[in-house]
Amino acid sequence: MIMSPPVLSVSNLCVDARTPEGLRRVLDDISFDLISGETLCIAGESGSGKSVTSLSIMGLLPKASLQVSSGSIMLGGKDLTKLSGSAMRAVRGGEVAMVFQEPMTSLNPVMSIGAQMREAIHEHQGEEGGAADVIARHMLDAVHITDPARRLTQYPHELSGGMRQRVMIAMALSCRPKVLIADEPTTALDVTVQAQILTLMRELKTEFGACIILITHDMGVVAEMADRVIIMQSGRVIEQGNVLPIFQSPAQTYTRELLAAVPRLGSHAGSDGPPRVTPVPASPVSLDPSPVLAVSNLTVTYGGAGGFLFKRKQAAAAVQGVSFDIRPGQTLGLVGESGSGKSTTGKAVLGLIPFAGDVVIDGRNIAGLSQRQMQPVRRSAQMIFQDPYASLDPRMAVGAAIAEPLIIHGIGDKTERADRVAELLARVGLQPDAASRYPHEFSGGQRQRICIARALALKPKLIVADESVAALDVSVRARVLDLMLELQETMGLAYLFISHDMAVVERMSHHVAVMRGGKIVEMGTRRDVFENPRDDYTRALMAAVPIPDPKRRVA
């Protein structure tokens, strides 16, 4: 049997970063082939070199900081590392196209979808005007976007996250590339939208005959999509092979750790609460049986206001008649798709946005309280946001950021606050010298630990965690979740844990509420909701969770 040559061949690729101390190797001797018609998944944690590899192939390395020092990237007889800028522009998009992780930052916010698609089609196919519009509408139809003619006139902010990602895929495929690189294309998407995008990519690979390089840290996605897998760590390929052997008998400890860290839906069946991560103390924490948070008939309405410059918008209820309570030492998992009202609920219960109804925090109803009246309540309730980098002031040292709530509430003197900061850093697994460093000097997981330390500074009874681990690598996510469970066990914290990840919610929660269209459609104990879901929507969410077992896909 004669083997056809690979579509793309990367050989002994090395990339160096320019630093004040000199060149530092960030990719070391990377080699792999991409075969016609296959999906190759590159997996690993942040900093492993996955995205640098893809940017090297695309010729998009920032020249001021990164350079290819040796090796080759062969595509159709051309070494991409040797091409001029103009020659690479012809390859980029026409022969190799890329779908980035965050479509909102990849699309031009001041250009319509149609203008952006026509630009790419004209550049690589020479079509313009009505002919380019026909191709653009056909591609939007191919990625299952409704009413493609109208979508071409809209702007990125008018589309949902899933629709924006479909637009990115349509743009990438509109020029019929030989290779499609998808860099974490589903990380920020809801589980049901993620399932739709993955299905779409499989369909389009068959229809358009493209090879796919899929970059991800989600081993569930790898199991569903990959023909072959490359595992990267610290800029090196440590293991590669067909997907089944990698999952059934991984050779490297790091690969086994990645697989073990994947939360599996149903792995906690039969238990009433999260797994315990600390030994049972001789003197357990004494917990007040009354709820630390009691929400009754919560309603949040957007729109309805107008002004001199803006027309009055029709009011729309983002949250409608939501009620629940959380007791000390308990977690309520709030789950649903984007737009279901989860985050709006989390902000409302902390008084961050106007609401109707009753919200009682630690015995005090916050309905109608002014910001000044809310200040003492905030000692009892804090929030952890999804993006830790955006949550921290980049110009403020970590120690100052953690101490800021203590200063606002007049707690302690300078020495006492410094001691408290050191204690909190140690509590979340960081060294005391972290206090003098800045957010950009830490990894994503470390920054989230800093945000947790800041939330704990006032010794709250309630923490609202809004997609607090969604952006983290799977192994880092597991460590942060363990930290949150440990803090709950030792401090009696109550969590409102907001997430679209059903497997993570199952691991963390005592009770679960499922939201859709601003309403709770199902609520009960973790065992009730996950082992005997009553609502079709809940069952659909669970069915969409990627299963980290390629045998299930093969079967």
Side-chain angles (χ1 to χ4, degrees), residues 41 43 162 186-199 216-226 243-244 247-248 256-277 331-338 340 342 465 467-482 484-485 495 497-516 520-555:
C41 282
T186 62
T187 296
L189 302 180
D190 300 323
V191 64
T192 50
V193 179
Q194 173 180 272
Q196 293 164 9
I197 294 296
L198 294 180
T199 300
T216 183
H217 64 254
D218 188 332
M219 298 304 284
V221 171
V222 171
E224 290 209 358
M225 294 292 292
V243 63
L244 274 172
F247 274 75
Q248 291 177 339
R256 291 193 290 271
E257 290 173 350
L258 281 180
L259 291 169
V262 178
R264 287 167 166 79
L265 195 64
S267 59
H268 300 294
S271 60
D272 294 316
R276 192 168 186 93
V277 296
T331 298
L332 173 67
L334 192 59
V335 69
E337 297 175 292
S338 292
S340 62
K342 307 185 306 296
E467 299 282 9
S468 55
V469 295
L472 302 181
D473 297 326
V474 64
S475 53
V476 177
R477 180 193 307 171
R479 292 193 288 271
V480 171
L481 292 176
D482 280 344
M484 293 179 69
L485 289 175
Y495 290 133
F497 189 85
I498 299 169
S499 179
H500 65 256
D501 190 323
M502 295 294 282
V504 170
V505 168
E506 184 192 28
R507 183 184 179 204
M508 291 293 293
S509 304
H510 298 85
H511 296 82
V512 177
V514 181
M515 289 195 73
R516 185 183 191 186
I520 291 178
V521 298
E522 183 164 358
M523 183 162 58
T525 66
R526 187 183 69 174
R527 184 182 293 188
D528 288 340
V529 172
F530 282 95
E531 297 181 30
N532 187 31
R534 300 184 305 277
D535 194 87
D536 289 341
Y537 178 67
T538 307
R539 289 191 285 269
L541 286 178
M542 294 173 65
V545 176
I547 300 171
D549 183 359
K551 289 186 295 184
R552 297 284 295 270
R553 169 166 60 98
V554 172

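Everything quoted here is computed from the prediction, not taken from an experiment.
The minimum heavy-atom distance between M219 and L258, with the atom names listed, is CG-O, 4.1 Å. Scanning all heavy atoms of the two residues, the minimum distance from R526 to E506 falls at NH1-O, 2.5 Å. Closest approach of V222 to A43, counting heavy atoms only: CG2-CB, 4.2 Å. The shortest heavy-atom contact between M523 and V529 is C-CG2, 4.2 Å.
Put simply, CG on D501 and CD on E467 are 8.5 Å apart, with the number rounded to the nearest 0.5 Å. In this structure, the separation between CG on L485 and CZ on R276 is 10.0 Å, given to the nearest 0.5 Å. Atoms CG and CE, from L332 and M508 in turn, are 12.0 Å apart once rounded to the nearest 0.5 Å. Between the CD atom in E522 and the CG atom in N532 there is a gap of 8.0 Å [rounded to 0.5 Å]. With rounding to the nearest 0.5 Å, the separation of CG in L541 from CG in D535 is 9.0 Å.
With 3.5 Å as the limit, one finds a donor-acceptor pair spanning the side chains of Y537 and E337.
In this structure, K342 contributes its side chain and L334 its backbone to no donor-acceptor pair below 3.5 Å.
The shortest side-chain heavy-atom distance between S468 and M484 falls under the 4.5 Å cut-off. Residues R507 and D482 are in side-chain contact: their nearest non-hydrogen atoms beyond the backbone lie under 4.5 Å apart.
Not counting sequence neighbours, the partners of D218 by the side chain to side chain contact (heavy atoms under 4.5 Å, CB included) test are Q194, T216, V221.
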Donor-acceptor contacts, no H, no angles, side chain residues 509-516, under 3.5 Å, sequence neighbours left out:
| from | atom 1 | to | atom 2 | distance (Å) |
| --- | --- | --- | --- | --- |
| S509 | OG | G333 | N | 3.4 |
| S509 | OG | V505 | O | 2.8 |
| H510 | ND1 | T331 | N | 3.0 |

